[in-house]
Amino acid sequence: GAVVSQHPSWVICKSGTSVKIECRSLDFQATTMFWYRQFPKQSLMLMATSNEGSKATYEQGVEKDKFLINHASLTLSTLTVTSAHPEDSSFYICSVEGNTEAFFGQGTRLTVV
Amino acid sequence: AQSVTQLDSHVSVSEGTPVLLRCNYSSSYSPSLFWYVQHPNKGLQLLLKYTSAATLVKGINGFEAEFKKSETSFHLTKPSAHMSDAAEYFCVVSDRNQAGTALIFGKGTTLSVSS
């Protein structure tokens, strides 16, 4: 199956700063990647669908200007949390759609202080 | 729209006893269903998947699940729990849109295993 690498695994940042999270598909060309967010003790919620070479599709309630997604190549999608606030602290995880299943990155734990 | 409901938020078992994690789904078409496991501060690992082949699906680590269309269920079972099975389990249904296939997650079931 596809190998998906997500970086960084952990990040702590100050309020008001921006954080970039990378999602790389190491052995699979992914025209579509997905970004999920998981709050503590809650399920994963789809944030947006990242499309190579075009704009991302955001789920209802997700601010596109706050969560900037760039999918510039078939192996890399980035999620930038802009002007981060403590309520953005969460576990962010990306996935790549394989032929019959999704493959997930290991996730990024973001803490905004 | 597709959705899944995990009927138990928390299940506690003793080591060596059977595990049952319940999941019901709602789908307007024949769904693809998955069970994922998440250990603390870790990513997601696929346990098993149903994609319209055999209704009894065997996964990793001794887990299996049975797709029952009449009951719209996809319960996860294991004959004998191990301490290492303690984790969060998610029942997931696929939702194909124009861009691709996103996954709809249930709220999760925390499995605790005591010695």
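If you're wondering where the values come from, they're calculated on a predicted model, not measured in any experiment. Numbers restart at 1 for each chain; the letters A, B, ... are given by sequence-line order, proteins then strands.
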Honestly, the part of A/I93 sitting under 4.5 Å from a heavy atom of chain B is side chain

CE of A/M45 to NZ of B/K107, rounded to nearest 0.5 Å, is 7.5 Å

The reported gap from OH in B/Y36 to CZ in A/F104 (rounded to nearest 0.5 angstrom) is 4.5 Å

Taking atom CD1 of A/I12 as the centre, does the number of heavy atoms from other residues, nucleotides or ligands within less than 6.0 Å exceed 12?
no

*Might you confirm whether atom NZ of B/K69 has over 12 heavy atoms from other residues, nucleotides or ligands at distances under 6.0 Å?*
no

Whatever's closer than 4.5 Å to a heavy atom in chain A on B/L44 counts as both

Search all heavy atoms of [X] against all heavy atoms of [Y] and return the closest pair with its distance.
| X | Y | result |
| --- | --- | --- |
| B/Q38 | A/F91 | NE2-CE2, 3.6 Å |
| B/L103 | A/Y36 | N-OH, 2.9 Å |
| B/F90 | A/Q38 | CZ-NE2, 3.4 Å |

Say whether [X] and [Y] are linked into one hydrophobic cluster, either directly or through other cluster members, by side-chain heavy-atom distances under 4.5 angstrom.
| X | Y | value |
| --- | --- | --- |
| A/I21 | A/M47 | yes |
| B/M83 | B/V37 | yes |
| A/L76 | A/V4 | no |
| B/F105 | B/L111 | no |

Original post:
Any donor and acceptor pair, going by atom type alone, linking the side chain of A/S43 with main-chain N or O of B/G106 inside 3.5 Å?
Top reply: yes

